Each structure stands twice: as structure tokens, then as C-alpha cells.
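Dumping the structure here so I can ask a few things about it.
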Amino acid sequence: MGNTFCEMILRTIQERNIKQRDLCYGLCSESTFTRYLRGDRHMDRLLMTALMQRLGESPDKFSPMLTEEEYLYFEWRQQVAVAQLHKDWQELDLLLRQPAARDTSCNEVLQRQYYLLVFGIVQEKCYGNREESLRALEQALALTVPDYNMSLREGARLGVQEINTLLLWQYLQPDREKSYEILKGLVNYVDTCYTGAQEKCRVYPKVVAQYLPFLNQKKLYYECMTLAQKAISLIVDTGYSAGVEEILQAYIEAMGAVQAPGLEEIRTQLWAWREIRRECIGIQEEAGDELYLLNMWQEVELLHEVISRSRREQGYTQKRLSEDICEPETLSRIESGKRAPYKKTYQALAKKLSLPHEYYFSTIETDNFRTLELRWEFEVQMVGKQWQRAEELLERLEESLDLSIPCNRQYVEQARYLIQKGTGHIKAADSFGHIVRILRYSIDHMPQSEDINTWTEKLWEHLFTEREMSLMLQLADSLQAKKKYDQAAYLLERMLKYYQSSQVKLEFHHRIVLLIYARLTVQYSLLGAWDKEQEYSDAGIQMAMLCENKKMLPFFLNNRADALENLGKKEVALKFYELAYHSAKLLRANTVSVAKSSYEKLKSNMRS
């Protein structure tokens with residue numbers, strides 16, 4: 001990937017005429033920022049995330065490689081996110097007392113800011129100490145936006161963590177008119193400066209959710225409905241559901257005030273969303289509580305696992321790989337996670353092992369954020385089965401990519417194959433060999449056999465990228481189309497085992513793992529293994545609720561209902577079919593008609 005990330009940052013600030021001091025203000029000095037851009041220093045994940053968000057772009061465009069020290073901190077943050085999701089404020093208080101809470105080894109400023117943010121939540125939710133909470137939030141904001149005074153200075157930039165801090169502060173402080181002005185400015189800022197939809201969806205609905213009640217209080221009902229519709233459209237397009245309940249509540253109030261049509265349907269969707277939360281995570285939503293969710297599941301790899309797996313796959317001994325780079329004992333400590341490599345050491349190892357020059361992976365190789373945003377828009381259209389629009393975007397993507405680079409060629413060929421399959425020009429049953437050929441762009445020893453049991457363990461020593469795993473999913477689809485359900489299930493279980501063998505939690509690979517779970521529910525349904533279908537449906541529901549993207553939630557709810565129905569638990573199955581149907585309508589998922597048909601059929605059978 002070369003020095004692609006830093007090249008993209010530099011190119012973007014030049015194209016958008018953003019001053020370096022505005023982008024790095026409060027995060028690091030201009031001289032330090034320049035050293036990052038030159039590649040003289042390694043940029044940690046927290047700083048990378050903050051900078052990309054200040055540019056209005058999504059850090060999810062890259063999968064970082066973390067040192068073990070960094071990963072343990074990220075893992076602690078996910079425990080915080082889980083406690084917040086379950087509204088377990090006592091657990092959150094306990095987590096704040098762990099050593100990881102005060103760890104500042106990754107990025108002192110941003111880790112300190114996050115600690116103060118969580119401390120502010122604990123003071124409010126556990127102890128009712130609003131004054132102490134406000135003080136902590138003010139200190140947190142002052143760390144990276146020291147000159148904030150109810151409005152942003154010209155050229156100022158905000159990341160999601162800073163916006164979350166500001167949202168909580170305005171919610172707790174007593175002057176409601178002041179809150180209204182802050183939210184009004186934030187809605188405009190996010191709408192204008194978060195140009196990438198992939199990151200905008202994380203924060204825009206959350207800001208709008210807090211702003212809409214003020215519009216209703218001021219009887220600005222049509223403005224409220226317009227903003228609610230815009231936020232819901234963003235939620236529908238992306239599946240990111242932050243603030244959805246409060247948006248629906250405010251939308252219902254505004255619709256009722258002007259007697260707008262469609263009110264009952266929105267009420268039903270709000271009921272369904274509350275029921276999903278109650279059934280799936282056992283809680284009732286409280287007004288304002290979505291503000292306290294600081295979800296942050298992102299795709300990551302462990303640096304020492306990447307180096308170790310790549311070395312073994314390529315047949316290097318530690319002694320041979322470390323020649324002219326470092327002592328074998330040093331490499332051993334690096335591979336065990338006991339120490340992080342120096343930048344020059346990593347770059348030398350990366351050159352030998354053909355790993356990224358930086359600590360980041362990307363599905364495609366480019367030096368342009370616009371190309372990455374185009375890729376994301378293409379994938380959204382693919383999920384929605386909008387084949388014509390997807391084909392148009394793929395043509396633009398091909399024009400912007402260097403197709404002599406294997407990963408780019410592989411991505412384009414896979415994309416073209418999926419469009420042809422979706423439009424019926426290629427049958428999945430006839431595609432196994434074609435998919436293997438695409439995989440061989442990056443895995444030259446990829447087996448041709450459809451008998452997955454004959455695949456050697458050497459294959460699973462390969463360091464699989466997300467792109468390669470998505471192609472493996474297509475192999476499972478081909479086996480399913482040939483009615484080789486046992487083989488498809490075995491392949492999917494083996495893929496899951498690959499991720500489970502890592503120290504990294506499955507949630508940090510949720511994009512692919514959710515797709516594996518989904519296909520496993522289908523295979524076990526076809527095999528009549530209803531207990532297994534329910535097991536993987538439940539796993540999919542739990543992961544979808546934990547992670548920000550809820551697009552696949554209706555699918556798992558529907559398949560859970562299918563398993564329950566076949567296990568004779570028809571009353572519960574009926575409830576989940578209904579939830580699957582209404583959530584699919586809200587998110588405009590592809591499972592609307594299936595869930596509705598299953599619900600009506602079972603309901604009719606139970607009546608008769």
C-alpha cells in the first residue's frame with residue numbers, strides 16, 4: 001500500500017484547501033503532523049481516526065494493524081461500549097477503575113479525552129452528580145478544542161469523539177436555548193463538513209435526534225419532518241441506527257401536529273424497534289440514553305499475528321527472516337506480542353514479507369479518498385441489489401484504479417462477477433472455478449477441489465484479507481447452489497475457525513463474520529438442523545446489536561423465527577417474524593416480503 005494513507009491525507013487537505021494547523025489543532029503540533037505526513041513517524045489508530053473524521057471521512061476505509069498494547073486498550077473500549085449498550089452503569093463504573101482506563105501509551109490526548117468522557121457519563125448515571133459530569137466534559141472538550149465558546153471558530157474541525165463530548169455537554173447543561181444554538185450549529189457543521197456518507201451516518205442522525213425536540217417545541221414541525229426524513233434516509237442507506245428511536249419519536253410528534261399521512265406506520269416501526277431492543281438485549285430504551293452509546297467496533301488486525309502468519313506461510317524461519325534486520329530473539333519477541341517493532345524494523349520485515357509499508361490494510365490500493373468513497377457507494381448499491389447503478393459505479397471505479405495492481409484487479413473482477421450473478425448472466429452453481437481463478441490473484445496455492453475436506457492446513461496459514469474472505473463466501477454460495485450443503489457449511493465453519501484462532505475478538509471482524517453467520521443459518525436450515533440455525537441466528541442478532549450497522553438484523557430475526565417455528569415454538573416464532581418484517585420495512589432490507597409472507601402464513605396456520 002506504500003505510504004498511501006499519508007499521501008491521501010496530504011492530497012485531501014490540498015484539494016480542499018484545508019490548513020494543516022486547523023486539521024491537527026489540539027491533536028498534535030504542526031511540526032509533528034508534518035513528520036507523520038512524510039512517513040518519519042508511525043501514526044497511531046486513535047490519531048488516524050480523529051484526523052480522518054475531521055476531514056469528514058471514515059477511518060473504516062482502512063483496517064489497522066495494532067500492537068498488542070494498542071489492541072488491549074481497544075478491547076477495553078469495547079467492554080465500555082457493551083456496558084453502555086446494556087445500560088449497565090455500575091459495570092461502566094468498574095471498568096473506569098481498571099488500569100486500561102488511565103492508559104495513555106497509545107495517544108495521551110485522545111485517551112485522556114475518552115476517559116473524561118466516560119467519567120462524565122458515570123458521574124451522571126451512577127451518582128447523579130451533574131455538576132461533576134459537566135466539569136469532566138468541559139475538560140475533555142478543552143483538550144482538543146481549547147478555544148470553543150458556544151460556536152466553532154472559522155476553519156475548526158471536529159472528530160466524532162469531540163462531537164459526542166459536545167452532545168453530552170449540551171444535553172446536561174441547564175440552559176436549553178444554549179443547547180438549541182449548539183445543536184443548530186452542529187447539524188449544519190456535520191451536514192457540510194462530513195462529506196463521506198460512510199462516516200456521516202455515524203454522527204448526523206445522533207445530532208439530529210437531539211435537535212428535533214427543540215424544533216417541535218418551537219412548532220417548526222415541517223422543518224422537523226424534513227430533517228427526520230433526511231436522517232432516516234441515511235440510516236436506511238447505511239444501516240447505522242444511532243438515534244433512530246428518538247428520531248422516530250420526534251417525527252411522530254411532528255406528523256401528529258400537522259396530521260401528516262403515514263403516522264401509524266411510523267408508530268409501528270417505533271414499537272418494533274423497542275421490542276427488538278427488549279427481546280434481543282433485555283432493556284427498555286430511555287429517552288436520551290442513546291447519547292451515552294460510544295460504539296466503536298472497527299476492523300483491526302494484530303501486528304504480531306500478521307508478521308508471524310506471513311512468515312510461516314512463506315516458509316521463513318525466524319532466523320532467516322531476521323537476517324540483516326534484527327536478532328532472531330528480537331523477532332521472536334515481536335511475534336509473541338511482547339514488544340512492538342521499531343518503524344524501520346517493521347518496514348524491513350514488511351518488504352521481505354510483501355506486507356503494507358504502513359500499519360494499515362485497504363481493500364483496494366489508491367491515493368484518493370474519493371475512490372474509496374466511490375467503492376463504498378458501489379458496495380451500498382450492491383447490498384441493495386441496484387445492479388444498473390452498481391454497474392455505472394463500477395465503470396467509474398475501474399477508471400480511477402490502477403488495474404496492474406493485483407488487489408485492484410481482483411476487486412474489480414469479483415465486483416463484475418457479483419453483478420453478472422445478480423443479473424442472472426452467471427449461475428452460482430457454475431461459478432466455483434471462476435471464483436478460484438479470481439482468488440489466485442493473491443493466493444497462488446488456492447485449491448480447485450470442491451471437496452473442502454481435502455484442502456490442506458497450509459491454506460489456512462494464509463493471512464486472509466477481507467476481500468479474499470468475501471470471495472470464499474462466494475465459494476460457499478456456489479456449493480449451496482449445487483446442493484452441497486454439507487460442504488458449504490464445512491467451509492463456512494472453517495472460515496469462522498480461522499477468525500476464532502486469533503487473539504482478536506470476532507466483533508473486530510464483524511463485517512465478514514456477520515456474513516458467515518448469515519450463510520450458516522441458511523445451510524443449517526437447508527440441512528434441517530434447526531438448533532444450529534437458531535444458534536447462528538442468535539449469534540448474528542447479538543453481533544448486529546453490538547455493532548453499529550443493523551442492516552442484517554432483519555435477516556437474522558427472520559431466520560431465528562424460521563428455526564423456532566420448525567422447533568415447534570410457534571408463538572415465539574410469530575413474534576420474531578413480526579419484528580423481522582417491521583425492522584425490514586424501517587431499514588428497507590431485502591427480507592421485507594419474505595418476513596411478511598412467513599408471518600402471515602404462520603398466523604393463518606395457528607388460527608386454523
Side-chain angles (χ1 to χ4, degrees), residues 201 205 228-242 244-245 247-248 251-252 255 260-280 379-390 418 421-424 477 480 514-515 517-522 525-526 533-534 536-538 540-541 543-545 547-566 570 572-606:
C201 64
Q229 289 166 356
K230 185 174 180 178
I232 290 170
S233 292
L234 195 58
I235 290 169
V236 165
D237 288 344
T238 63
Y240 285 83
S241 60
V244 65
E245 181 167 348
I247 290 169
L248 290 174
Y251 193 19
I252 287 167
M255 291 176 78
L263 180 58
E264 284 310 308
E265 182 177 341
I266 303 299
R267 280 179 174 153
T268 302
Q269 289 174 352
L270 177 58
W271 165 83
W273 192 256
R274 286 173 171 163
E275 282 297 297
I276 288 167
R277 292 182 64 82
R278 187 177 66 81
E279 291 285 348
C280 298
E379 290 172 0
V380 168
Q381 299 303 317
M382 291 289 287
V383 170
K385 298 184 178 181
Q386 303 298 312
W387 307 120
Q388 185 175 345
R389 176 60 178 157
L418 290 172
K421 187 179 80 166
T423 53
D477 291 347
Q480 178 189 323
L514 281 170
L515 293 172
Y517 283 159
R519 283 165 170 81
L520 281 169
T521 66
V522 174
S525 175
L526 293 167
E533 181 187 13
Q534 183 180 350
Y536 283 113
S537 294
D538 288 346
I541 290 168
M543 186 172 285
M545 293 303 292
C547 303
E548 295 166 305
N549 194 320
K550 304 294 188 291
K551 203 68 172 178
M552 294 185 68
L553 183 61
F555 178 90
F556 289 115
L557 291 168
N558 184 78
N559 286 15
R560 186 178 200 272
D562 177 70
L564 290 167
E565 181 184 358
N566 283 289
K570 294 187 178 181
V572 185
L574 190 67
K575 176 70 172 289
F576 275 88
Y577 277 133
E578 186 177 17
L579 294 179
Y581 169 59
H582 289 301
S583 62
K585 282 194 75 176
L586 173 62
L587 296 171
R588 294 176 205 164
N590 297 324
T591 51
V592 172
S593 58
V594 174
K596 183 181 181 182
S597 174
S598 299
Y599 172 72
E600 291 176 345
K601 182 180 177 181
L602 179 57
K603 191 174 183 179
S604 175
N605 290 343
M606 289 174 68

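All residue numbers in this chain count up from 1 along the given sequence. Small disclaimer: the values here were computed from a predicted structure and weren't measured. Heavy atoms only: backbone and side chains are in, while hydrogens, waters and symmetry mates are out.
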Taking all heavy atoms of Pro554 and all of Ala589, pick out the closest pair and write down the distance.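 The answer is CG-CB, 4.1 Å.
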For the pair Lys585 (side chain) and Gln269 (backbone), establish whether a donor and an acceptor sit closer than 3.5 Å, ignoring hydrogens and angles.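 Checked: no pair found.
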Least distance between heavy atoms, Leu579 atom then Ala272 atom: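 Taking every non-hydrogen atom into account, CD2-O, 3.8 Å.
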Is any side-chain heavy atom of Met545 less than 4.5 Å from a side-chain heavy atom of Arg277?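 Yes. Closest side-chain heavy atoms under 4.5 Å.
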Could you give me the CA-CA distance, side-chain angles and deciding distance for Gln229 and Tyr251, then say whether side-chain hydrogen bond (donor to acceptor under 3.5 Å, both in side chains) is met? CA-CA 8 Å; Gln229 289 166 356; Tyr251 193 19; 2.9 Å; yes
Report the distance from atom CG of Leu602 to atom OG of Ser597, rounding to the nearest 0.5 Å.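 The OG atom of Ser597 is 11.0 Å from CG of Leu602, to the nearest 0.5 Å.
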Decide yes or no for Cys280 and Leu557: does some side-chain heavy atom of the first lie under 4.5 Å from some side-chain heavy atom of the second?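 A side-chain contact exists here, since the closest heavy-atom pair is under 4.5 Å.
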Parallel, tilted or perpendicular, judged at 30° and 60°: which one describes the rings of Tyr536 and Tyr517?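 Correct class here is tilted.
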Using the salt bridge (charged side-chain N to carboxylate O under 4.0 Å, His left out) rule, take Arg588 and Asp237 through it: C-alpha gap first, then chi angles, then the decisive distance, then the call. CA-CA 8 Å; Arg588 294 176 205 164; Asp237 288 344; 5.6 Å; no
In Å, rounded to the nearest 0.5 Å, how long is the span from CD1 of Ile541 to CZ of Arg560?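 Going from the CD1 atom of Ile541 to the CZ atom of Arg560 covers 5.5 Å.
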How many angstroms lie between atom CZ of Phe555 and atom OG1 of Thr591, to the nearest 0.5 angstrom?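 Answer rounded to 0.5 Å: 8.0 Å.
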Near Lys575 NZ, under 6.0 Å, is it more than 12 heavy atoms from other residues, nucleotides or ligands?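 Atom NZ in Lys575 is crowded, with more than 12 foreign heavy atoms closer than 6.0 Å.
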Would you compute the distance between atom CH2 of Trp387 and atom NZ of Lys421 and round it to the nearest 0.5 angstrom?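 These two atoms lie 8.0 Å from each other.
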Take Leu586 and Val244 through the side chain to side chain contact (heavy atoms under 4.5 Å, CB included) test and state the conclusion after the steps. CA-CA 10 Å; Leu586 173 62; Val244 65; 4.2 Å; yes
Between Ser583 (side chain only) and Ala580 (backbone N and O only), is there a donor and an acceptor less than 3.5 Å apart?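 Yes, the answer is positive, given that a donor and an acceptor are paired below the 3.5 Å cut-off.
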Applying side-chain hydrogen bond (donor to acceptor under 3.5 Å, both in side chains) to Ser525 and Asp562, what does each step give before you reach the verdict? CA-CA 8 Å; Ser525 175; Asp562 177 70; 3.3 Å; yes
Thr521 side chain vs Ala518 backbone, donor-acceptor pair below 3.5 Å: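 Side chain of Thr521 to backbone of Ala518, a donor-acceptor pair under 3.5 Å: yes, one is there.
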Closest contact, heavy atoms only, Ile247 versus Ala231: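 Answer, listing the atom of Ile247 first, then Ala231: CD1-CB, 3.7 Å.
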Could you tell me which non-hydrogen atom of Ala544 sits nearest to which non-hydrogen atom of Leu514, and how far apart they are?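 Scanning both residues completely, I find the closest heavy atoms to be N-CD2, 4.0 Å.
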For the side chain of Gln386 and the backbone of Gly384, is there at least one donor-acceptor N/O pair under 3.5 Å apart?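 Flag set: sc Gln386 to bb Gly384 pair under 3.5 Å.
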So Thr238 and Lys551, do their side chains get closer than 4.5 Å, heavy atoms only?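 The answer is no; the side chains never approach within 4.5 Å.
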Shortest non-hydrogen contact between Ser241 and Ile235, atoms and distance: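 Result for this residue pair: CA-CG2, 4.3 Å.
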Donor + acceptor pair across side chains of Tyr577, Glu600 (<3.5 Å):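 Distance-only check fails for Tyr577 and Glu600.
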Reported CD-to-CH2 distance for the pair Glu264 and Trp271, which is rounded to 0.5 angstrom: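 Taking CD in Glu264 and CH2 in Trp271, the distance rounds to 13.5 Å.
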Can you check whether Leu515 reaches Met552 side chain to side chain, under 4.5 Å on heavy atoms?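 In short, these two side chains touch, coming nearer than 4.5 Å.
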What I want to check is whether the side chains of Asn559 and Ser537 have a donor and an acceptor closer together than 3.5 Å.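 No, Ser537 and Asn559 have no side-chain donor paired with an acceptor closer than 3.5 Å.
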Are any of the side-chain heavy atoms of Lys550 and Trp273 separated by less than 4.5 Å?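 Yes - at least one pair of side-chain heavy atoms lies under 4.5 Å apart.
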Report the C-alpha separation of Tyr599 and Leu574 in whole Å, then their side-chain angles, then the decisive distance to 0.1 Å, and conclude whether the side chain to side chain contact (heavy atoms under 4.5 Å, CB included) test is met. CA-CA 6 Å; Tyr599 172 72; Leu574 190 67; 3.5 Å; yes
Atom CZ of Phe576 and atom CD of Glu279: how far apart are they, to the nearest 0.5 Å?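 Those atoms lie 4.5 Å apart.
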Could you pull out the closest heavy-atom pair between Ile266 and Leu248, with the gap in Å?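 Looking at all heavy atoms of both residues, the closest pair is CG2-CD2, 3.8 Å.
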